[in-house]
Structure formats: structure tokens, C-alpha cells
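The structure appears right after this line, and notes come after that.
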Amino acid sequence: MVAITLPDGSVRSFEGPVTGLQIAQGIGPGLAKAALAVTVDDVMVDLSTTIGTDARVSIVTARDDAALALLRHDAAHVMAQAVQELFPGTQVTIGPSIENGFYYDFARNEPFSLDDLALIEERMREIVARNLPIEREVWDRDEAIAWFRDKGEQYKAEIIEDLPAGEPITVYRQGDWLDLCRGPHLPSTGKLGTAFKLMKLAGAYWRGDSRNPMLQRIYGTAWPDAKQLSAYLTRLEEAERRDHRRLGQEMGLFHLQEEAQGAVFWHPKGWTVYRSLQAYIRRRLEKADYVEVNTPMLVDRSLWEKSGHWEKFRENMFTSEAEERVLALKPMNCPGHIQIFRQGIKSYRDLPLRMSEFGSCHRNEASGALHGLMRVRAFVQDDAHIFCTEDQIVSETQSFCALLKSVYHDLGFEDVSVKFSDRPAKRAGSDATWDKAEAALRDATEAAGLSWTLNPGEGAFYGPKLEFVLRDAIGRDWQCGTLQVDFVLPERLDAHYVAEDGAKVRPVMLHRAILGTFERFMGILIENCAGRFPLWLAPVQAVVATITSEADAYATEVQALLKKKGLRVVADLRNEKINYKVREHSVGKVPVMLVVGRKEAENRTVAVRRLGGEAQEVLALDDVLATLTSEATPPDLRD
RNA sequence: GCCGUGGUAGCUCAGGGGUAGAGCAACUGAUUCGUAAUCAGUAGGUCGGAGGUUCAAAUCCUCUCCACGGCACCA
């Protein structure tokens with residue numbers, strides 16, 4: 001007897017071993033038809049897998065989230081079959097499901113063209129229509145290797161060779177095509193449905209290693225139904241509309257050009273936003289008892305050798321020569337800050353010392369890595385280093401986390417998650433030091449009440465780090481803030497303070513940033529608000545637009561009064577229709593339009609129209625001045 | 001850096017061996033108008049750069065630069 005417990009708690013007994021499909025059939029024909037896989041004690045397996053012992057079983061249908069990965073994985077297989085049918089001699093490698101879809105990496109001498117994608121997709125639909133049963137087989141390891149070798153599938157053979165010894169070698173067959181795969185899979189290709197689309201072609205290194213040959217990757221997206229597919233495609237269009245490079249150009253915020261690859265030309269409007277953001281951060285740091293410094297951009301190689309940067313990042317540093325010295329443009333600010341710390345004698349009474357700098361840094365990023373404002377070679381960080389005692393790590397982490405969350409809140413981000421990155425393979429400092437640093441950071445996260453996910457081996461070379469990830473308005477994640485515990489650099493650059501008992505002690509250094517870099521954060525901000533900056537950040541906060549030239553003098557007066565209150569206001573006195581002006585400034589994403597005609601001039605009122613709405617409100621000039629002044633106040637300066 | 005795709009007016013794009021095009025923007029003039037594009041006219045180009053093939057190259061070939069999409073990288 002096999003007792004199967006279903007999700008509703010009911011138990012069904014079977015004479016002997018039973019498959020998921022049989023269980024589904026026992027419940028009802030509708031469920032049997034919808035069934036895609038089963039979970040047996042929380043492990044997803046094929047519908048055809050026999051269950052020989054008592055278990056908790058649930059039938060997976062397209063309605064389950066778990067089915068999505070299955071569907072996408074099958075889509076990858078169907079694509080691989082289509083490719084091998086159309087392009088004999090192409091080798092298959094791996095093809096997993098990923099967020100929103102799937103990909104498959106192929107080895108083929110000829111590159112695929114975009115036209116090929118249409119052909120492949122068409123063939124995929126044929127394979128789905130064939131509704132081939134998908135069957136699992138367990139093969140002998142050596143025979144499997146020989147079989148794939150014989151077929152010219154070198155990559156697959158290599159994968160099998162590298163599988164751990166005890167692992168069964170499973171193969172999934174659909175029609176006369178098969179692929180090595182761990183599974184599980186759908187019962188037949190027809191279950192994939194038609195809500196998929198091939199998206200793009202890309203190169204990808206075999207096993208993700210740039211020393212290996214490059215394969216051709218085809219990306220696709222797949223969904224349970226056409227509605228979800230089209231919703232996804234709409235989301236992509238939405239992301240494209242928000243692209244900071246497009247908005248930056250349309251709104252005249254900044255530009256990039258090839259003579260200064262990876263460096264930003266900020267235009268007046270973009271720079272206005274940037275400066276407002278920087279002024280805000282500066283106020284927040286001052287209030288949190290940071291002291292601001294500024295350190296040299298060109299620094300002798302010897303300092304970078306001492307800090308360890310030269311050894312690890314020399315290739316990504318810009319250098320210059322002068323009078324037989326090799327100088328490097330600083331890639332980070334920390335060694336400079338330690339030089340300031342080292343001036344004079346520091347006492348335990350000086351700690352924690354929170355030293356901030358809007359440091360202008362340069363890193364020679366690979367040309368292929370550059371991406372608008374998101375990845376640049378010249379940038380400014382909202383950087384600071386907290387020199388403290390080991391005992392102060394926990395409280396400093398706590399107060400930093402509170403500051404960070406408050407800043408993100410002010411900037412319109414509420415959803416923040418945390419990643420904990422521990423020791424990387426290539427690192428400085430002893431294991432004992434790392435043990436201490438990781439333990440300290442872990443204690444601190446606990447004290448700060450943070451839940452985090454582990455990001456193994458991703459720490460900085462000098463210490464473990466917390467990474468703060470924020471989610472934007474359309475659900476994308478951006479890693480921005482960081483807090484890194486560093487016992488190594490103070491040692492290498494010989495920083496110390498005098499403790500209570502008169503002993504010379506190494507301070508601990510906490511590297512921390514909230515925005516990360518201003519450039520990248522500006523990009524994120526632009527995309528998050530789709531160019532519609534909150535009033536306090538908007539480059540032009542209001543436009544006073546006239547209906548007739550008779551109102552010119554009044555409009556100029558309104559502009560002057562608002563300007564006196566500190567608002568950024570433009571008067572549009574052009575001889576254009578009000579429709580034209582409203583449209584132009586709406587497209588330009590100006591938050592507030594103040595329309596004045598003969599009536600307003602006579603009554604000393606203003607017709608206020610907000611971006612995104614059609615409503616107009618005629619208010620007394622004094623009320624408008626008071627309201628806008630209050631609304632335009634940065635969040636930290638509000639009462 | 002690697003693979004792929006691109007580069008034509010300020011912007012968005014058409015044209016693919018035979019005189020360089022459109023829309024928007026710009027400029028000039030007319031229009032004074034009540035909440036998302038008033039009308040008419042004018043001007044605007046080393047077709048990314050260099051070399052080659054050809055009677056003739058934006059168009060074909062080679063090299064190169066840059067951008068875009070991924071991959072690798074990201075202190």
C-alpha cells in the first residue's frame with residue numbers, strides 16, 4: 001500500500017507504486033489533462049515518475065509558479081531540437097530557464113542571424129504541434145559519453161564526464177531528438193503551448209569563463225498564456241520608454257561622446273538635479289556627524305602598491321607620468337582618507353571618525369562594460385570611511401542602516417533588500433582576520449535587524465560586505481549601497497590610534513556608500529520616476545506660460561517672485577498658442593505649469609496645472625507662492 | 001576585452017551602384033489665441049573615419065573607431 005497525502009490533507013491509498021499522472025487521473029480527468037508535473041515531498045519530478053512509498057504529493061499545473069520554470073526549461077529543449085533540425089552539425093551545450101524566459105548556448109562555426117531566429121521559432125511551433133511525448137531514460141555513464149562523442153557533441157560529453165560519480169545520467173527523449181538533462185520535464189512538447197518568443201542573440205563563454213571559446217546564445221521568453229506574454233512584452237516597452245539614455249537626451253540632462261568614453265557631459269538641467277541630490281546627501285551626512293574631506297586625484301604609484309590596489313587592479317587604473325614618477329588617477333578614496341587619519345595622533349576619543357568625500361574617481365572599465373550612466377569610467381561616489389574600534393562596528397552598522405533606509409525613503413525607494421558577501425578566493429589578510437570581520441558584520445546585521453541572503457565569495461579583497469539592493473517602480477533591482485568591514489587597509493597603510501590604556505591600536509575601517517555613484521544613481525532615479533522628478537529635484541520646477549502678450553509683465557513678475565523663493569522657474573512668453581506651450585512643457589516633464597492670461601493678470605491669480613493631469617486650479621498668487629515653496633522643499637528640510 | 005548587430009540633417013528614420021530624402025526641431029514672416037502640436041516660407045549633410053574596386057560608391061570590399069544587445073569584468 002502507498003498512502004498519498006494531497007495538499008488539502010486528504011489521503012489516497014494505492015495498491016502499489018503509482019505515478020503522478022495516475023494520481024491526477026484518480027482525482028479527475030480535468031486535472032489529469034492540466035497536470036504538468038508533480039511535487040513529491042516538495043521535490044518536483046516528472047508526471048511519469050513512479051512513487052513507491054508514502055509521500056506528500058501535489059499536482060503541478062500551469063497555475064503554479066513552479067510550472068513556469070518547467071515550461072521555460074522545456075522551451076529551451078524545444079528550441080535546441082529546432083536548431084539541430086534546421087542546422088545540422090550545431091552542438092548543444094546548456095539551456096536553463098531564467099527569469100522571464102530561457103536561453104540555450106550552441107556551438108556552431110557559422111553565426112546565427114536574426115532571420116534565423118524567425119525560422120527557429122517557426123520550427124519550435126511545429127515541434128509543439130507534433131506534441132511529442134517527453135520520456136526520461138537513465139543511461140550508463142560511459143555509454144552516454146561514448147554516444148554523445150560519437151554524435152560530435154563534445155560539450156555534452158564533457159558535461160557528463162564532470163558529473164559527480166553517484167549522479168544518475170538521465171536523458172530526455174522527445175521524438176527522435178534527445179538531450180542530457182537532469183529534468184524534470186513536461187509530459188509532452190504540446191504542453192509548452194504557444195506563448196513564447198525568441199528575443200535576442202548573444203555571445204556567451206563556455207562555462208562562463210572568458211578563456212573558453214565563445215558560444216552562441218539564443219534568448220527567449222515563455223509564459224503559460226498569450227496574455228502573460230504580451231504583458232511581459234509591454235513591460236519591456238515600458239522599460240525602454242524609461243531608459244535613462246533616451247530620457248537624458250530628450251530632456252537635455254547630459255550626453256556622452258567618444259572623445260571622453262565613459263565620462264559624462266552634464267548639461268545645465270542634469271547638473272541641477274545632480275547638485276540638488278548632492279546637496280541633500282551632504283546635509284544628511286553632516287547631520288549624521290560625518291566630516292567632509294577632499295583628497296588628491298593623482299597619487300604616486302607607491303601608495304597604491306602599499307594599499308594593494310596596484311597588484312590587484314593595476315589594469316583598471318589610469319596612469320600618468322611626471323618627472324620620472326608614475327602617478328595613478330585614484331580609483332577609490334580610502335587610501336587618501338587613511339593619509340588624513342594618519343596626520344597627527346588619534347585617540348580612542350576621536351573614534352568613531354566618519355570621514356566623507358564626494359571623491360572623483362576613475363576606473364578603466366572594459367569598453368564592452370560601459371553603459372550610459374550605469375557603468376562609467378569617471379564617477380563620484382557618496383563615499384565615506386568610518387574609523388572605529390571593533391566594539392563600535394555593531395552600533396555604526398546600525399546607525400548606517402538607519403541613515404540608508406531614510407535616504408532611500410526620501411528618494412522614493414521603499415523596497416530594500418540586503419546581500420551578505422563573504423570572503424573571495426583572491427583576498428588580502430589572514431583567515432583569522434576574515435573570521436573576525438565576517439563575524440563582526442554578521443553580529444551587526446543581527447543587531448540592525450536586517451535579513452539578508454548570502455552572496456558567497458563576492459566580498460571585496462580587503463573585507464566582507466553588505467550590499468543594499470533597491471527595487472524600482474517597475475520591479476527591477478539595483479545594487480546601490482554598501483558597507484564593508486576592513487581590517488586589512490588600516491594595517492597595510494599603518495593607521496593607529498591610542499587606546500585608553502595608552503597602547504597603539506589599529507582602527508577598523510568601515511567603507512560605506514548609500515547611492516554608490518552619483519552617475520549611476522542619477523540613471524536609476526531617472527528610470528524610477530520615468531523622467532518625472534519629484535518637485536524638489538526637478539531641473540525646471542515650474543513654467544509660467546502666457547496666453548497673450550498682454551500678460552507678459554505679470555508673468556515676469558510671477559517668475560521673479562517664485563525665483564526669489566528659491567524655485568527654478570522659467571517664463572514662456574513666446575508668441576505661441578497655450579496648447580502648444582502646454583504640450584511642449586508636458587513632453588519636457590515640467591512638474592508645474594502656471595498659466596496666466598488677461599484674467600489672471602487682472603485678478604493677480606494663477607491657473608495651476610500639474611504634470612500628468614488635465615485639471616486646472618485658479619489660485620491667488622500668494623497661495624501659489626506658499627504652496628510651491630513648501631512642496632519644493634527637500635524632504636530633509638521639511639518640518 | 002569577446003560574440004553579434006548597427007552608424008545617413010540637431011532628433012527619429014527611409015534610401016542599398018547613376019544629381020542625398022521625409023517628419024519633428026531650427027530660422028524668417030504672418031497670427032494675440034484659455035490648457036497636449038496655428039499657417040506659410042527658408043536653411044540645414046565629408047552618408048562614423050581611412051583605404052580599395054568601378055566611368056561612377058551612402059550603396060560593394062578591407063581595415064578602423066564608436067554605439068547598441070549579451071558574455072566576461074565590476075575594489
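- Using Watson-Crick or G-U wobble geometry with both donor-acceptor distances under 3.5 Å, rU46(B) finds no partner in any strand shown.
- Checking rC33(B), rU32(B), rA36(B) against every side-chain atom of Thr548(A), the shortest atom distance belongs to rU32(B).
- Separating the CG atom of Asp105(A) from the P atom of rG4(B) is a distance of 15 Å, rounded to the nearest angstrom.
- Counting any heavy atom pair closer than 4.0 Å across all strands shown, Lys599(A) reaches a base atom.
- Look at the C1' atom in both rG4(B) and rG18(B): the space between them is 34 Å, to the nearest Å.
- For rC3(B), the base has no donor-acceptor partner in the side chain of Arg217(A) [N/O atoms by modelled type, under 3.5 angstrom].
- Here Tyr219(A) lies in heavy-atom contact (under 4.0 Å) with sugar-phosphate atoms only.
- As a whole-Å value, the separation of Arg246(A) CZ from rC13(B) C1' is 13 Å.
- Out of rA75(B), rC2(B), rA36(B), the shortest distance to the side chain of Phe461(A) is found at rA75(B).
- Summarising the base pairing, rA58(B) is matched to no nucleotide, lacking a Watson-Crick or G-U wobble pair whose two defining distances lie under 3.5 Å.
- Side-chain atoms of Val587(A) lie closest to rA36(B) of the nucleotides rC11(B), rU35(B), rA36(B).
- Taking side-chain N and O atoms only, Gln261(A) has a distance below 4.0 Å to OP1 or OP2 of rA67(B).
- As rounded to whole Å, 12 Å separates atom P of rG4(B) from atom CZ of Arg108(A).
- At a cut-off of 3.5 angstrom, the base of rC73(B) holds at least one donor-acceptor pair with the side chain of Arg375(A).
- In a base pair of the Watson-Crick type (N1 to N3 plus N6-O4 or O6-N4) or a G-U wobble (N1-O2 and O6-N3), with each distance short of 3.5 Å, rA72(B) is matched with no nucleotide.
- Using a 4.0 Å heavy-atom cutoff across all strands shown, Arg377(A) reaches no nucleic acid atom at all.
- When the C1' atom is compared between rG52(B) and rA57(B), the two are found 11 Å apart, to the nearest whole Å.
- Checked against the 6.0 Å centroid criterion, the rings of Phe254(A) and His267(A) do not qualify as a close aromatic pair.
- The separation of rU5(B) from rC47(B), taken at their P atoms, amounts to 24 Å, rounded to a whole angstrom.
- Closest to the side chain of Arg245(A), from the set rA25(B), rC68(B), rU12(B), is rC68(B).
- Phe112(A) comes within 4.0 angstrom of nothing in the nucleic acid, heavy atoms only.
- Atom CG of Asp162(A) sits in a crowded spot, with more than 12 heavy atoms from other residues, nucleotides or ligands closer than 6.0 Å.
- Base contact: Asn316(A) has a heavy atom under 4.0 Å from a base atom.
- Glu491(A) has a carboxylate O that lies under 4.0 Å from a charged side-chain N of Arg506(A), or vice versa, which qualifies the two as a salt bridge.
- Using a distance-only test at 3.5 Å, with no hydrogens or angles considered, a donor-acceptor pair links the side chain of Gln339(A) to the main chain of Pro335(A).
- In terms of phosphate contacts, Asn579(A) brings no side-chain nitrogen or oxygen within less than 4.0 Å of OP1 or OP2 of rU35(B).
- Nucleic acid contact for Lys465(A): sugar-phosphate only, since backbone atoms but no base atoms lie under 4.0 Å from a heavy atom of the residue.
- Ile547(A) comes within 4.0 angstrom of a nucleotide base, judged by non-hydrogen atoms across all strands.
- Base-pair partner of rC27(B): rG41(B) (Watson-Crick or G-U wobble, both distances under 3.5 Å).
- Looking at heavy-atom distances under 4.0 Å, Glu250(A) makes no contact with the nucleic acid at all.
- By the 6.0 Å and 45° rule, Arg442(A) does not stack over the aromatic ring of Trp452(A).
- Pairing for rU5(B) is with rA67(B), a Watson-Crick or G-U wobble pair whose two hydrogen-bonding atom distances lie under 3.5 Å.
- Distance, Lys200(A) NZ to rU5(B) C1': 13 Å, rounded to whole Å.
- Using P as the reference atom, rA58(B) and rA9(B) are 14 Å apart when rounded to the nearest Å.
- A straight line from CG of Leu370(A) to C1' of rC65(B) spans 14 Å, rounded to a whole angstrom.
- Within 6.0 Å of the CD atom in Glu614(A), the count of heavy atoms belonging to other residues, nucleotides or ligands does not exceed 12.
- No side-chain donor-acceptor contact under 3.5 Å links Thr221(A) to the backbone of Phe102(A).
- Side-chain proximity of Tyr580(A) to the nucleotides rA26(B), rU35(B), rA72(B) is greatest for rA26(B).
- In this structure, Glu576(A) places its CD atom 14 Å from C1' of rA40(B), rounding to the nearest Å.
- For a distance-only test at 3.5 Å, the side chain of Glu258(A) fails to qualify as a donor-acceptor partner of the base of rG49(B).
- We find that Arg245(A) and Glu527(A) are not joined by a salt bridge, their nearest charged nitrogen and carboxylate oxygen being 4.0 Å or further apart.
- Within the 4.0 angstrom heavy-atom criterion, no nucleotide atom of any strand lies near Ala545(A).
- For the C1' atom pair drawn from rU8(B) and rG44(B), the interatomic distance equals 14 Å after rounding to whole Å.
- Between Leu117(A) atom CG and rC3(B) atom P the separation is 19 Å, expressed in whole Å.
- The nucleotide rC33(B) finds no pairing partner, because no Watson-Crick or G-U wobble arrangement with both distances shorter than 3.5 Å includes it.
- Across the protein-nucleic acid pair, Arg427(A) atom CZ and rA75(B) atom C1' stand 16 Å apart, rounded to whole Å.
- For Arg609(A) and rA36(B), the shortest distance from a side-chain N or O to OP1 or OP2 is below 4.0 Å.
- Under 4.0 angstrom from either OP1 or OP2 of rC74(B) there lies no side-chain N or O belonging to His371(A).
- Of the candidates rU12(B), rU32(B), rA75(B), rA75(B) carries the atom nearest the Arg363(A) side chain, counting heavy atoms from C-beta on.
- Among the protein residues, Ala204(A) comes within range of the sugar-phosphate backbone only, with heavy atoms under 4.0 Å from sugar or phosphate atoms but none that close to a base.
- Glu600(A) comes within 4.0 angstrom of a base, heavy atoms only.
- Residue-level contact check: Pro331(A) touches the bases, meaning some heavy atom is under 4.0 Å from a base atom.
- Not a single donor-acceptor pair under 3.5 Å links the side chain of Trp206(A) to the backbone N or O of Arg211(A).
- Stacking between Phe313(A) and rA75(B) is shown: the ring centroid lies under 5.5 Å from the centre of the six-membered base ring, and the planes differ by under 30°.
- The base of rG1(B) sits with one of its N or O atoms less than 3.5 Å from a complementary donor or acceptor on the side chain of Tyr205(A).
- Between His309(A) and Phe461(A), a ring centre-to-centre spacing shorter than 6.0 Å is recorded.
- Taking side-chain N and O atoms only, Ser549(A) has no distance below 4.0 Å to OP1 or OP2 of rU32(B).
- The partner of rG21(B), taking Watson-Crick or G-U wobble pairs whose two distances both stay under 3.5 Å, is rC13(B).
- Counting non-hydrogen atoms under 4.0 angstrom, Gly208(A) reaches the backbone sugars and phosphates but no base.
- Atom P of rA26(B) sits at a distance of 43 Å from the matching atom of rC63(B), rounded to the whole Å.
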